[in-house]
Chemist: 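So that we are looking at the same thing, I have put the structure below in structure tokens.
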Amino acid sequence: DTGVSQDPRHKITKRGQNVTFRCDPISEHNRLYWYRQTLGQGPEFLTYFQNEAQLEKSRLLSDRFSAERPKGSFSTLEIQRTEQGDSAMYLCASSIDSGTAKLFFGSGTQLSVL
Amino acid sequence: TQLLEQSPQFLSIQEGENLTVYCNSSSVFSSLQWYRQEPGEGPVLLVTVVTGGEVKKLKRLTFQFGDARKDSSLHITAAQPGDTGLYLCAGVKNYGQNFVFGPGTRLSVLP
């Protein structure tokens, strides 16, 4: 039984560098979400896909952030020109489009921008 | 803008005590969920409540959804150290297309 997988688990980068994270959802799940969580806060919504279509993107999301889900399976989240304020846990979750939706989260990617 | 508020923010209790944590909003949700998150891991779903006034029990945990579907409570009976974690409530909008999380209650149960 494979859950949601995220890679890498940890990423340390220097300010100004680009980083890319990968999320592999549960195989039959057609919805995929990206959230960001900082210490002491709940997850903050970034963006959401249904299959390969990006249906919603947070207005708080800077243009430096982009996400893709090219074949409706795995997804990538790229942050360009990282800033120290981007340091956070980036969480991916997936769900199936039926009934009362349930989010299944990965273990997250912890990003530290120095 | 935080649509969901949770209280208390922190709670530290002794093993065996009972506790209640709260989740409040000015918005109406199609359903509300509770998650528990441990350090370095993603949140794990505990329960979904859908109907106003609904009460669900999960072993020592009792969840209640307010009549107006704007608030919820989680009651833990005889807390154990294994209950330690961050308890998050999430309001579900548009029947599963949008999940909004509260800031969480960080619970510590001391042996």
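Each chain gets a letter, A, B and so on, in the order its sequence line appears, and its residues count up from 1. Both backbone and side-chain heavy atoms feed into the values below; hydrogens, waters and symmetry mates do not.
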Chemist: Under 4.5 Å heavy-atom distance to chain A, tell me which part of Q37(B) shows up: side chain, backbone, both or neither.
Modeler: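 The answer is the side chain of Q37(B).
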
Chemist: Would you find a donor on one side and an acceptor on the other, under 3.5 Å apart, between the side chain of S95(A) and the backbone of R31(A)?
Modeler: no

Chemist: Say whether, by atom type as modelled, one donor and one acceptor occur between the side chain of R64(A) and the main chain of I79(A) under 3.5 angstrom.
Modeler: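 No, R64(A) side chain to I79(A) backbone: no donor-acceptor pair under 3.5 Å.
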
Chemist: What part of F10(B) gets closer than 4.5 Å to chain A, counting heavy atoms only: side chain, backbone, both or neither?
Modeler: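 For F10(B), no heavy atom lies under 4.5 Å from chain A.
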
Chemist: Against chain B, label Q110(A) side chain, backbone, both or neither, depending on which of its atoms sit under 4.5 Å from a heavy atom there.
Modeler: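 Contact with chain B: none, neither part.
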
Chemist: Please confirm whether the backbone N or O of V109(B) pairs with a side-chain atom of T84(B), one donor and one acceptor, at under 3.5 Å?
Modeler: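 It does hold such a pair.
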
Chemist: Which region of Q37(A), side chain (C-beta onward) or backbone (N, CA, C, O), has a non-hydrogen atom less than 4.5 Å from a non-hydrogen atom of chain B, or is it both or neither?
Modeler: side chain

Chemist: Go through the atoms of L91(A) and report whether side chain, backbone, both or neither lie under 4.5 Å from a heavy atom of chain B.
Modeler: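 L91(A) touches chain B through side-chain heavy atoms alone.
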
Chemist: Begin from the C-alpha positions of F101(B) and Y35(A) and carry the test ring-ring contact (aromatic ring centres under 6.0 Å, His included) through to its verdict.
Modeler: CA-CA 10 Å; F101(B) 282 84; Y35(A) 285 84; 5.4 Å; yes

Chemist: Between the side chain of T105(B) and the main-chain N/O of P8(B), is any donor-acceptor distance below 3.5 Å?
Modeler: yes

Chemist: Given that the side chain runs from C-beta out, which part of Q33(B) has a heavy atom under 4.5 Å from chain A: side chain, backbone, both or neither?
Modeler: side chain

